[in-house]
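As a basis for the values below, the full set of heavy atoms in this structure was taken, side chains included, without hydrogen atoms, waters or symmetry mates. Since the structure is predicted, the reported quantities are computational estimates derived from the model, not experimental observations.
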Amino acid sequence: MPTELPYAAEAESSLGYEELQVLRTQYYKEIEQGHVTTQSKFNYGWGLVKSNTAELQTEGVKLLQEIYSASPAHRRECTYYIAVGYYKLKNYAYAKKFNDLLLSVEPENMQAQSLRTLIDQAVQRDGYIGMGLIAGAAAVTGLIVAGLVKRSRR
């Protein structure tokens with residue numbers, strides 16, 4: 001489902017298998033050599049976040065959070081992609097938390113502003129779905145209770 005927000009299009013796009021494989025190969029090559037550069041780790045984390053499976057996205061968020069904690073110089077880049085990762089994982093509270101962190105220091109950041117809109121829309125959509133499920137459950141419960149009451153009167 002492509003977004004109409006061009007700055008946040010990245011939040012709803014995926015990286016191809018071949019592209020991710022290039023990043024994975026570089027990352028694991030550096031692990032074997034005994035030293036992983038922050039850039040290779042970031043690139044691989046970014047690629048994982050942009051993948052289309054929750055397991056890989058979770059791994060990507062983890063790598064980016066490791067960089068975020070260990071390297072203050074890379075926090076800005078990591079913050080946005082951590083927010084994107086959480087958005088893709090449908091963890092909107094954490095997506096909003098990291099995105100708001102970025103907006104607090106870069107209020108004019110168009111990517112973060114667009115991502116905020118996507119997060120807000122997703123929360124609203126999920127809220128409507130939740131209300132629909134609750135209403136449906138209440139209707140079914142009402143029918144069951146009505147059926148039981150009707151039987152008990154016989």
Side-chain angles (χ1 to χ4, degrees), residues 1-140:
M1 175 173 104
T3 180
E4 294 179 18
L5 300 167
Y7 291 102
E10 186 169 41
E12 298 196 343
S13 65
S14 296
L15 202 61
Y17 176 80
E18 295 80 18
E19 296 166 303
L20 184 57
Q21 194 59 37
V22 169
L23 300 173
R24 178 183 289 122
T25 299
Q26 178 63 35
Y27 178 72
Y28 281 103
K29 177 181 170 188
E30 290 184 13
I31 286 177
E32 288 174 11
Q33 294 172 346
H35 176 71
V36 177
T37 63
T38 301
Q39 190 62 52
S40 288
K41 190 173 190 176
F42 175 84
N43 291 346
Y44 186 47
W46 168 83
L48 290 168
V49 162
K50 291 192 52 72
S51 72
N52 56 6
T53 67
E55 182 180 341
L56 294 178
Q57 292 163 356
T58 300
E59 185 180 345
V61 168
K62 180 179 172 246
L63 289 176
L64 293 171
Q65 285 181 318
E66 288 173 5
I67 296 168
Y68 180 90
S69 296
S71 179
H74 294 91
R75 283 195 177 144
R76 184 251 168 256
E77 301 91 15
C78 290
T79 302
Y80 176 73
Y81 288 107
I82 291 168
V84 168
Y86 279 126
Y87 169 78
K88 290 180 84 170
L89 290 165
K90 298 182 182 354
N91 186 335
Y92 303 126
Y94 277 106
K96 183 172 175 25
K97 172 185 169 187
F98 279 93
N99 197 56
D100 285 351
L101 220 113
L102 180 55
L103 285 169
S104 72
V105 293
E106 292 184 28
E108 301 301 315
N109 184 308
M110 296 300 290
Q111 281 182 307
Q113 289 177 4
S114 294
L115 183 57
R116 179 188 340 155
T117 300
L118 286 177
I119 293 166
D120 291 345
Q121 288 171 347
V123 167
Q124 185 177 15
R125 180 183 60 241
D126 283 5
Y128 289 144
I129 290 169
M131 286 189 302
L133 290 173
I134 290 170
V140 168

Given the options E30, Q39, Q26, E59, Y44 meets side chain to side chain contact (heavy atoms under 4.5 Å, CB included) only with E59
So CG of N52 and OH of Y17: to nearest 0.5 Å the spacing works out to 12.5 Å
ask   = Do R125 and D120 come within less than 4.5 Å of each other through their side chains, counting heavy atoms only?
value = no
Closest non-hydrogen atoms of A112 and L102, given as atom of the first, atom of the second and distance, are CB-CD2, 3.9 Å
dist Y86:OH -> K96:NZ (nearest 0.5 Å) comes out at 16.0 Å
Is any side-chain heavy atom of S14 closer than 4.5 Å to a side-chain heavy atom of K88?
-> yes
Heavy-atom closest pair (L48 atom, L63 atom, distance to 0.1 Å) is CD1-CD1, 3.7 Å
- Query: Does any N or O in the side chain of T58 come within less than 3.5 Å of the main-chain N or O of A54, such that one atom is a donor and the other an acceptor?
  - Reply: yes
Here the pair of heavy atoms bringing G60 nearest to V49 is C-CG2, 3.8 Å
Margin query: For E66, is there any backbone N or O sitting under 3.5 Å from a side-chain donor or acceptor partner on S69?
Written below: no
For this session: Please examine the side chains of K29 and E32, heavy atoms only from C-beta on, and report whether any two atoms are closer than 4.5 Å.
Result: no
Worksheet item: For the residue pair Y81 and W46, does the interplanar ring angle fall in the parallel (under 30°), tilted (30 to 60°) or perpendicular (over 60°) class?
Response: perpendicular
- Task: Flag the pair F42 / E77 as yes when at least one side-chain heavy-atom distance between them is below 4.5 Å, and no otherwise.
- Result: yes
Rounded to the nearest 0.5 angstrom, the CG-NZ distance for L23 and K41 is 15.0 Å
Quick check: do Q65 and F98 have side-chain heavy atoms less than 4.5 Å from each other?
yes
- Can you check whether Y27 reaches T37 side chain to side chain, under 4.5 Å on heavy atoms? no
inquiry  = Between S40 and V36 (side chain of the first, backbone of the second, donor and acceptor by atom type, cut-off under 3.5 Å), is there such a pair?
reply    = no
Take a 6.0 Å sphere around CD of Q33 and say whether it holds more than 12 heavy atoms from other residues, nucleotides or ligands. yes
A side-chain contact here means heavy atoms from C-beta on lying under 4.5 Å apart; do I82 and C78 qualify? yes
Heavy-atom closest pair (N99 atom, L115 atom, distance to 0.1 Å) is OD1-CD2, 3.5 Å
Exercise for the section: Keeping the roles fixed (side chain from Q57, backbone from S51), state whether a donor-acceptor pair exists under 3.5 Å. Expected result: yes
d(I119 CD1, Y92 OH) to nearest 0.5 Å is 9.0 Å
More than 12 foreign heavy atoms under 6.0 Å from OH of Y94: is that the case here?
no
*Please check if any side-chain donor atom of R116 sits under 3.5 Å from a side-chain acceptor atom of Q113, or the reverse.*
no
Output for pair (T79 OG1, K97 NZ), nearest 0.5 Å, gives 10.5 Å
